[in-house]
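To start, the structure under review is shown below, and the notes come after it.
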Amino acid sequence: MKNNTFKMLIAAAALLLGGSAKASDFGLAALNVEDIRAIQADVKAPALKPVADELIGVDMNIRVPYKTLKKATLMVAASEKRLTIINKDAPVIFKSGEFLKISNIHINANGIEVIPTLTLKPYLEAKDRLAVRVQRIQLHASMEPSVKAAPMPVINQEEIMAQVMDVLVKGVYSSLNNFLKEKQIPMKAEDVVRMQYNKADWTLRATVSSRIIGQFVPPGLVGELHLTGFSFNDSGLVLNIQTPN
């Protein structure tokens with residue numbers, strides 16, 4: 001039971017990033033709500049609400065390889081038809097110097113066919129708040145025939161970037177909602193992570209919630225988890241997940 005609880009804890013913590021890691025990566029692909037309830041039945045919750053120093057403290061680093069992020073992108077593309085991966089054998093997300101890059105994707109932004117290469121600077125803005133700033137965008141854009149026949153819209157990089165982010169955000173929400181529905185978890189994607197792109201400063205901000213943890217871990221066992229650190233290296237992302245001291 002302890003091993004299952006720990007694995008569920010890691011998977012749920014990874015979900016705090018909006019589904020950037022699959023449950024199958026932690027051996028939980030077949031896990032459903034009945035399995036969770038069965039495990040919870042083995043743990044008797046205390047009669048009184050436990051005080052903070054009675055809860056298990058957690059301080060762990062979770063590494064999310066770029067290959068896992070690519071798998072997650074494929075899942076997003078399966079949920080959001082406006083997003084496709086150009087070459088499924090090539091990388092999608094990778095480190096480039098002090099930045100991350102996203103390429104090898106094709107996006108239909110309201111009739112505008114966009115192939116972008118994004119240079120991103122992700123950082124932890126505050127506890128549970130991740131920010132991703134677009135440092136540079138290189139793109140090839142063309143119009144669908146139906147759009148060409150209409151009056152030519154006034155489009156600039158700022159507007160195209162906003163539409164690209166809209167597709168990506170909606171794709172993440174759709175993919176995460178599919179996962180929650182499949183696992184019979186009565187939550188919506190927005191309950192796990194809220195994302196908003198500000199085109200004025202070219203920054204996507206994501207606020208994560210630990211509410212998902214309550215669906216995987218028996219009550220009264222672990223303190224409230226928070227995202228307290230973020231970094232990346234040549235192999236992937238590193239997330240620091242902690243309970244309050």
Side-chain angles (χ1 to χ4, degrees), residues 5-26 28 36 52 55-73 75-76 93-95 98-100 102 118 120-135 165 168-169 171-173 175-177 179-180 183 185 187-198 201-245:
T5 299
F6 181 68
K7 290 168 69 177
M8 288 190 295
L9 185 63
I10 293 177
L15 276 172
L16 292 180
L17 276 225
S20 57
K22 290 169 41 179
S24 59
D25 294 322
F26 303 98
L28 300 175
I36 297 169
L55 298 174
I56 294 175
V58 173
D59 185 351
M60 62 181 176
N61 288 329
I62 298 176
R63 186 177 64 86
V64 185
Y66 294 123
K67 288 184 178 180
T68 300
L69 293 176
K70 181 181 177 180
K71 291 178 182 178
T73 306
M75 292 174 63
V76 171
I93 303 174
F94 52 93
K95 182 176 180 290
E98 59 180 318
F99 303 106
L100 289 180
I102 295 180
L118 308 178
L120 308 173
K121 182 181 180 180
Y123 57 96
L124 195 68
E125 195 170 47
K127 183 177 69 176
D128 295 333
R129 290 174 57 189
L130 184 66
V132 181
R133 178 174 173 78
V134 180
Q135 293 291 118
M165 281 296 185
L168 293 176
V169 168
V172 170
Y173 280 160
S175 175
L176 185 52
N177 275 326
F179 173 85
L180 294 171
K183 298 304 175 185
I185 297 174
M187 295 178 67
K188 294 182 179 180
E190 291 87 342
D191 297 327
V192 179
V193 57
R194 289 187 177 273
M195 293 178 285
Q196 186 173 18
Y197 178 69
N198 185 336
D201 62 4
W202 293 63
T203 302
L204 174 69
R205 291 179 171 85
T207 302
V208 299
S209 168
S210 62
R211 285 183 57 192
I212 187 70
I213 303 299
Q215 301 294 326
F216 288 84
V217 179
L221 181 65
V222 177
E224 185 174 306
L225 292 171
H226 295 282
L227 176 65
T228 58
F230 173 86
S231 62
F232 57 92
N233 52 37
D234 291 336
S235 61
L237 311 183
V238 180
L239 317 174
N240 183 234
I241 306 294
Q242 289 181 311
T243 50
N245 293 329

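Only heavy atoms go into these numbers, but all of them, side chains included; no hydrogens, no water, no symmetry mates. Residues: numbered from 1 along the sequence shown.
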Any side-chain heavy-atom pair of [X] and [Y] under 4.5 Å:
X	Y	result
Val132	Lys121	no
Val193	Thr207	no
Val64	Leu69	yes
Phe230	Asn240	no

Can you check whether [Y]'s main-chain N or O pairs, donor with acceptor, with [X]'s side chain at less than 3.5 Å?
X	Y	answer
Asp191	Met187	no
Asn233	Gly236	yes
Thr243	Val58	yes
Tyr66	Asp234	no
Ser175	Gly171	no
Asp128	His226	no

If you count the non-hydrogen atoms of other residues, nucleotides and ligands that lie under 6.0 Å from [atom1] in [X], is the total more than 12?
X	atom1	answer
Arg205	CZ	yes
Gln135	CD	yes
Lys70	NZ	yes

Atom [atom1] of [X] and atom [atom2] of [Y]: how far apart are they, to the nearest 0.5 Å?
X	Y	atom1	atom2	value
Leu225	Ile241	CG	CD1	7.0 Å
Gln196	Arg194	CD	CZ	10.0 Å
Gln242	Met60	CD	CE	10.5 Å
Ser209	Leu227	OG	CG	12.0 Å
Ile102	Leu168	CD1	CG	6.5 Å
Arg63	Leu237	CZ	CG	10.0 Å

Working for side-chain contact (heavy atoms from CB on, under 4.5 Å), residues Tyr173 and Lys188: CA-CA 8 Å; Tyr173 280 160; Lys188 294 182 179 180; over 6 Å; no
Non-neighbouring partners of Arg133 that pass salt bridge (Lys or Arg N to Asp or Glu O under 4.0 Å), sequence neighbours left out: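 For Arg133, no residue satisfies salt bridge (Lys or Arg N to Asp or Glu O under 4.0 Å) once neighbours in sequence are set aside.
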Which atom of Tyr197 lies closest to which atom of Met165, heavy atoms considered: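 Closest heavy-atom pair between Tyr197 and Met165: CD1-CG, 3.6 Å.
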Please step through side-chain contact (heavy atoms from CB on, under 4.5 Å) for the pair Ile62 and Val238, ending with a clear verdict. CA-CA 6 Å; Ile62 298 176; Val238 180; over 6 Å; no
Establish, from distance only, whether the side-chain atoms of Thr203 and Asn198 form a donor-acceptor pair under 3.5 Å.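 Asn198 and Thr203 do not have a side-chain donor-acceptor pair below 3.5 Å.
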